Amino acid sequence: MVDRLANSEANTRRISIVENCFGAAGQPLTIPGRVLIGEGVLTKLCRKKPKARQFFLFNDILVYGNIVIQKKKYNKQHIIPLENVTIDSIKDEGDLRNGWLIKTPTKSFAVYAATATEKSEWMNHINKCVTDLLSKSGKTPSNEHAAVWVPDSEATVCMRCQKAKFTPVNRRHHCRKCGFVVCGPCSEKRFLLPSQSSKPVRICDFCYDLLSTGDMATCQPTRSDSYSQSLKSPLNDVSDDDDDDDSSD
């Protein structure tokens with residue numbers, strides 16, 4: 001079905017509409033063989049709070065952006081190659097329901113659908129696209145994923161030393177390796193994580209010690225230890241580490 005739609009006028013028109021919604025600031029999306037599978041609004045768990053984002057699933061990429069005017073204008077376009085994506089279901093927690101993790105080597109985050117049916121459809125379509133891509137390319141699924149950042153609101157004290165309270169002076173930071181919210185003294189070191197940046201990035205002392213001794217496996221969260229930990233941590237929004245979406249995330 002995807003191959004049949006690839007060169008159809010309807011598919012070309014749908015992709016053109018998405019491009020126009022992102023405007024000149026967005027990257028061109030029309031390439032030979034690309035098919036728009038589906039689209040919809042999902043709630044993305046950002047560092048400050050959950051926020052609505054418009055998502056577009058293509059047969060080779062996942063695109064999302066901020067909603068300026070629904071179905072008319074979006075900004076801050078993000079493009080994720082699907083061949084690097086793995087997804088994991090998340091258990092319902094309070095008001096956060098019908099969610100799953102989208103994990104890639106450069107960035108990982110949680111999203112939530114409005115209903116269980118919508119969640120199932122999104123996950124099934126994403127998995128099929130990833131499977132088809134890897135089958136065609138002969139590549140193996142990525143086993144390296146960036147940690148899911150714990151939201152700011154889930155930590156009133158440093159998640160490493162468990163002592164430093166966050167204030168306008170003692171600001172929140174995120175370890176790029178484990179995703180924990182940590183204080184400045186617990187995250188003064190930098191380490192090169194090539195999948196995330198060409199420059200050394202902030203990591204907590206715990207991860208730095210493990211990485212320095214080559215104990216990468218222990219430091220790498222599984223299924224997102226950082227996310228699971230965030231749901232158990234004590235529950236303002238004071239931070240100087242900007243999320244990739246925008247400065248308010």
Side-chain angles (χ1 to χ4, degrees), residues 14-31 34-87 90 96 98-114 118-119 122 125-126 129 145-154 171-174 176 179 181 193 195-199 201-202 224 226-227 230 236-249:
R14 292 177 69 201
I15 295 178
S16 178
I17 290 173
V18 176
E19 287 181 329
N20 291 336
C21 286
F22 279 105
Q27 296 184 37
L29 299 172
T30 302
I31 65 170
R34 177 169 289 166
V35 176
L36 177 57
I37 305 297
E39 62 182 271
V41 177
L42 297 174
T43 299
K44 178 177 178 288
L45 191 62
C46 301
R47 64 172 306 165
K48 296 288 187 183
K49 60 183 179 180
K51 296 183 180 180
R53 295 287 185 256
Q54 183 73 26
F55 281 77
F56 301 92
L57 176 63
F58 295 82
N59 60 330
D60 63 332
I61 58 174
L62 182 65
V63 178
Y64 71 92
N66 295 5
I67 302 170
V68 180
I69 303 175
Q70 182 62 47
K71 295 186 179 299
K72 291 185 178 181
K73 186 177 181 181
Y74 311 110
N75 63 13
K76 299 188 183 297
Q77 182 191 72
H78 294 260
I79 299 177
I80 302 173
L82 282 180
E83 66 179 12
N84 296 326
V85 168
T86 59
I87 58 177
I90 301 173
L96 297 175
N98 310 313
W100 67 97
L101 298 178
I102 297 176
K103 304 190 298 184
T104 78
T106 57
K107 182 177 182 177
S108 302
F109 53 90
V111 293
Y112 297 85
E118 187 179 341
K119 169 186 174 178
W122 270 102
H125 284 307
I126 292 173
C129 289
H145 306 106
V148 179
W149 282 18
V150 174
D152 285 2
S153 61
E154 300 296 335
R171 302 172 69 86
R172 289 174 172 83
H173 303 274
H174 275 86
R176 267 56 173 184
V181 184
L193 301 176
S195 63
Q196 296 189 37
S197 175
S198 59
K199 299 179 180 179
V201 294
R202 178 188 295 272
S224 186
S226 58
Y227 180 80
S230 77
N236 183 359
D237 295 341
V238 181
S239 175
D240 65 351
D241 292 325
D242 291 343
D243 179 88
D244 292 339
D245 285 357
D246 57 48
S247 60
S248 65
D249 280 0

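The shown structure was predicted, so the numbers you read here are calculated from the model rather than taken from an experiment.
The aromatic rings of F55 and F109 lie tilted to each other, with the angle between the two planes from 30° to 60°. The aromatic rings of F56 and F22 stand perpendicular to each other, their planes meeting at an angle above 60°, with 30° marking the opposite boundary.
The minimum heavy-atom distance between S195 and P105, with the atom names listed, is OG-O, 3.2 Å. Here the shortest heavy-atom pairing between C46 and P151 reads O-CB, 4.0 Å. Closest approach of A113 and W100 over heavy atoms only: CB-CZ3, 3.9 Å. Minimum heavy-atom separation, G179 to A147: N-CB, 3.6 Å.
Two residues are said to be in side-chain contact when any heavy atoms from C-beta on lie closer than 4.5 Å; I67 and V41 meet this criterion. A 4.5 Å side-chain heavy-atom check between V111 and W122 finds every atom pair outside the cut-off. With a 4.5 Å cut-off on side-chain heavy atoms, L42 and R53 do not count as touching. Put simply, the side chain of K199 reaches to within 4.5 Å of the side chain of S197, judged on heavy atoms. The closest side-chain heavy-atom distance from N66 to K51 is not below 4.5 Å. At a threshold of 4.5 Å between non-hydrogen side-chain atoms, the residues L29 and I61 count as touching. Side-chain contact between L82 and D60: absent, with no pair of heavy atoms (C-beta onward) separated by less than 4.5 Å.
Taken to the nearest 0.5 Å, the CD atom of Q54 stands 14.5 Å off from the NZ atom of K44. Taking CD1 of I90 as the start and CG of L96 as the end, the distance is 8.5 Å to the nearest 0.5 Å. Atom OG of S108 sits about 9.0 Å away from atom CD1 of I80, to the nearest 0.5 Å. Rounded to the nearest 0.5 Å, atoms NZ (K71) and CD (E39) are 5.5 Å apart. The CG atom of N84 sits 13.5 Å away from the CD1 atom of I102 when rounded to the nearest 0.5 Å. Of the inter-residue distances, the one linking L57 atom CG with L36 atom CG reads 8.0 Å to the nearest 0.5 angstrom.
For the side chain to side chain contact (heavy atoms under 4.5 Å, CB included) with H145, the lone residue among T104, T106, L101, T86 that qualifies is T86.
Under the side-chain contact (heavy atoms from CB on, under 4.5 Å) criterion, T30 pairs with I15, E19, sequence neighbours left out. Not counting sequence neighbours, the partners of Q196 by the side-chain contact (heavy atoms from CB on, under 4.5 Å) test are A146, R176, L193.
Counting only distance, with no hydrogens or angles, the side chain of R172 and the backbone of D152 share a donor-acceptor pair below 3.5 Å.
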Inset, instruction - Give the intermediate values and the outcome of side chain to side chain contact (heavy atoms under 4.5 Å, CB included) for residues V181 and H174. - result: CA-CA 5 Å; V181 184; H174 275 86; 3.5 Å; yes
